[in-house]
Undergrad: 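For reference, the structure I am asking about is given below.
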There are 2 protein chains.
Amino acid sequence: MQKETLSKNQKIILDYIEKVNEPIKAYSILHNVQKKGIKAPPQVYRALDKLVEIGKIHKIESKNAFVACKNSNCQISKATAFSICESCEEVSEISDHKLSKYLKTFQEKAGMKFNKYNLEFFGLCKKCSIK
Amino acid sequence: MQKETLSKNQKIILDYIEKVNEPIKAYSILHNVQKKGIKAPPQVYRALDKLVEIGKIHKIESKNAFVACKNSNCQISKATAFSICESCEEVSEISDHKLSKYLKTFQEKAGMKFNKYNLEFFGLCKKCSIK
DNA sequence: TTGTTAATTGTTATAATATAACATTAAATA
DNA sequence: TATTTAATGTTATATTATAACAATTAACAA
Ligand SMILES: [Zn+2]
Ligand SMILES: [Zn+2]
Ligand SMILES: [Zn+2]
Ligand SMILES: [Zn+2]
C-alpha cells in the first residue's frame, strides 16, 4: 500500500510519526497534530489502527507507543521484533530474515495456524552498556 | 521465591489468578477479590507488579491481562512466549528450551546486553483451525 | 450522471487501564 | 528495642482507548 492511497488524517498522522522517528504515544500525537485540525482521540486511534493494519507503523505493546516501520522491504506488519533499551528508552526494529523464518516455522510446527507475532527484547543498548 | 514468602495481598491475588487459569484483567481481579478486603486498584497493581517481578505471573502485553506461570521449571520471568488464539482467545505459555536459547543468543549477538524478552504469537489454535 | 454503498470524518461522552501521593501498619534486621 | 524496609489502605487523578451517532466524502455500478 502506498502513501498516496492514505486518507487525509492517516497521512497527517503517518507524516508526524515518521518525522519524530521514535515511539510516540497516541495522546502525544494528538497534541501535535491539533494544528492540522485533528481534535479528538477517535480520529487518532482510527488512523493508528489503519496504519498498523497496513504495516506503515507498529505498536510497541509494552510501551503503548507507535513507531514508523523502518523495514522498507518488510511487508510484514505480521512479524515484528524490537530491541528496547531500558536505560535510554531507544527502540529499534529488528529486521532479521533468519529470525523471522525461525519463528514462523516454530509456530507452525507447534500446531498453530500462524498469523503474526510480536517480539520485544529488553536490555541495554550498545551505548548504554559502555557507561 | 516460594508462595509462602508472599504478602497477604500478593497471596490472595496469586491464588485467584491461578484459580481462573486464563489471562485476566486487573479490574476483573479487583472485582473478584473485593470480598477478601482488597478495595482499590493500587492494591491490585502493586501485587501484580511484584508477582510479575518474581515470575509467578506474566503480563500478556497485547491484552493487558495477567496469567499464572505454568512453567514450574522456568525461573524465567525474563523470557516469556505465548500463543494467542485470535478466535477463542485461548492463551498458552510456550516453554521451549531451544526457542529461548535461540532468542537469548540472538540478542546477545546483536550487541545488546540482554535482560529479557516477551514474544506473542497470534493465530488459530488447533481446535479453531479445524472448524 | 446519478443513485447507492462503503469509507472516512467530526464530535461528545465515557469506558478501561494505570499511577501519584500520602498516611498507616506490619515485618525484617541490626 | 530501635530503625528501617516492605506492605497496606485510601482518595484522587492520569493515561489509554472505545462507544455511539451524525455528517461528509470517495468509490463505483447502473
Ligand atoms: Zn516493520
Ligand atoms: Zn540505551
Ligand atoms: Zn512462565
Ligand atoms: Zn482457538
Side-chain angles (χ1 to χ4, degrees), chain A residues 1-17 20 22-67 84 86 89 91 118 120, chain B residues 1-17 20 22-67 84 86 89 91 118 120:
Chain A
M1 193 157 188
Q2 306 308 319
K3 205 163 178 175
E4 293 88 303
T5 72
L6 298 176
S7 75
K8 192 186 88 195
N9 288 0
Q10 289 159 10
K11 244 176 274 175
I12 290 169
I13 287 174
L14 177 57
D15 284 348
Y16 181 67
I17 296 173
V20 299
E22 61 182 25
I24 185 165
K25 292 176 168 247
Y27 274 73
S28 171
I29 294 169
L30 175 57
H31 293 139
N32 282 284
V33 298
Q34 280 184 332
K35 62 195 81 157
K36 301 259 180 185
I38 291 175
K39 289 175 186 161
Q43 296 173 293
V44 173
Y45 281 101
R46 284 172 190 148
L48 290 173
D49 286 350
K50 184 74 182 200
L51 293 169
V52 166
E53 187 191 322
I54 65 178
K56 297 305 249 179
I57 66 172
H58 304 300
K59 184 174 184 183
I60 315 294
E61 292 285 356
S62 62
K63 288 179 159 317
N64 296 317
F66 300 85
V67 68
I84 301 169
E86 291 174 311
E89 305 288 307
V91 173
N118 180 54
E120 297 179 11
Chain B
M1 193 157 189
Q2 305 308 320
K3 204 164 178 176
E4 293 88 304
T5 73
L6 297 177
S7 75
K8 192 188 86 193
N9 288 359
Q10 289 159 11
K11 245 176 274 175
I12 290 169
I13 286 174
L14 177 57
D15 283 348
Y16 181 68
I17 296 173
V20 300
E22 61 183 24
I24 184 165
K25 291 174 169 249
Y27 274 74
S28 171
I29 294 168
L30 175 57
H31 293 138
N32 282 284
V33 296
Q34 280 185 330
K35 63 195 80 160
K36 302 258 181 186
I38 292 175
K39 290 175 184 161
Q43 296 173 293
V44 173
Y45 281 101
R46 283 172 191 147
L48 290 174
D49 286 351
K50 184 72 181 203
L51 293 168
V52 166
E53 188 190 321
I54 65 179
K56 298 304 248 178
I57 65 171
H58 303 301
K59 183 173 185 184
I60 314 293
E61 292 285 357
S62 62
K63 290 180 158 314
N64 297 317
F66 300 85
V67 70
I84 301 168
E86 291 174 311
E89 305 288 308
V91 174
N118 180 55
E120 297 180 11

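Chain letters run A, B, ... following the sequence lines, proteins first, then strands; residues in each count from 1.
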Undergrad: Mind listing the closest non-hydrogen atom pair of B/I84 and B/S62 along with its distance?
TA: CD1-OG, 3.7 Å
Undergrad: Given that A/Y27 and A/G37 both sit by DNA chain C, which one's nearest nucleotide is further toward the 5' end?
TA: A/G37
Undergrad: In whole angstrom, give the distance that lies between atom NZ of A/K63 and atom P of D/dT15.
TA: 16 Å
Undergrad: Name the residue closer to the 5' end of DNA chain D, choosing between B/P42 and A/P41 according to the nucleotide with the nearest heavy atom.
TA: B/P42
Undergrad: Is there a side-chain contact between B/I54 and B/Q10, using heavy atoms and a 4.5 Å cut-off?
TA: no
Undergrad: Rounded to whole Å, please give me the gap between NZ in B/K25 and P in C/dA15.
TA: 16 Å
Undergrad: How long is the line joining CD of A/Q43 and P of C/dT12, in whole Å?
TA: 10 Å
Undergrad: Give the nucleotide from the list C/dT9, D/dA17, C/dA18 with an atom nearest to the side chain of B/K59.
TA: C/dA18
Undergrad: Rounded to the nearest angstrom, tell me the gap between atom CD in A/E61 and atom P in D/dT16.
TA: 13 Å
Undergrad: Say you draw a straight line from CD of B/Q43 to NZ of B/K36; how long is it, rounded to the nearest 0.5 Å?
TA: 14.5 Å
Undergrad: Do you know the tightest heavy-atom contact between A/I38 and A/L30?
TA: O-CD1, 3.7 Å
Undergrad: Check whether any side-chain N or O of A/N64 sits under 4.0 Å from OP1 or OP2 of D/dA17, and answer yes or no.
TA: yes
Undergrad: Please compare A/D49 and B/K39 by the position of their nearest nucleotide in DNA chain D and report the one closer to 5'.
TA: B/K39
Undergrad: Rounded to whole angstroms, how far apart are CZ on B/R46 and P on D/dG9?
TA: 9 Å
Undergrad: Quick one: does B/Y45 reach the base of C/dA20 with a side-chain donor-acceptor pair under 3.5 Å?
TA: no
Undergrad: Could B/E89 and B/K63 be called an ion pair, given the rule that one side-chain N must be under 4.0 Å from one carboxylate O?
TA: yes
Undergrad: It should be established whether B/S7 places a side-chain nitrogen or oxygen under 4.0 Å from OP1 or OP2 of nucleotide D/dA6.
TA: no
Undergrad: Check whether any side-chain N or O of B/N9 sits under 4.0 Å from OP1 or OP2 of D/dA6, and answer yes or no.
TA: no
Undergrad: What is the distance from CG of A/L30 to P of C/dT11, rounded to the nearest Å?
TA: 13 Å
Undergrad: Whole Å only: how far is the CD1 atom of B/I24 from the P atom of C/dT17?
TA: 11 Å
Undergrad: Write down the distance between NZ (B/K8) and C1' (C/dA26), rounded to a whole number of angstrom.
TA: 10 Å
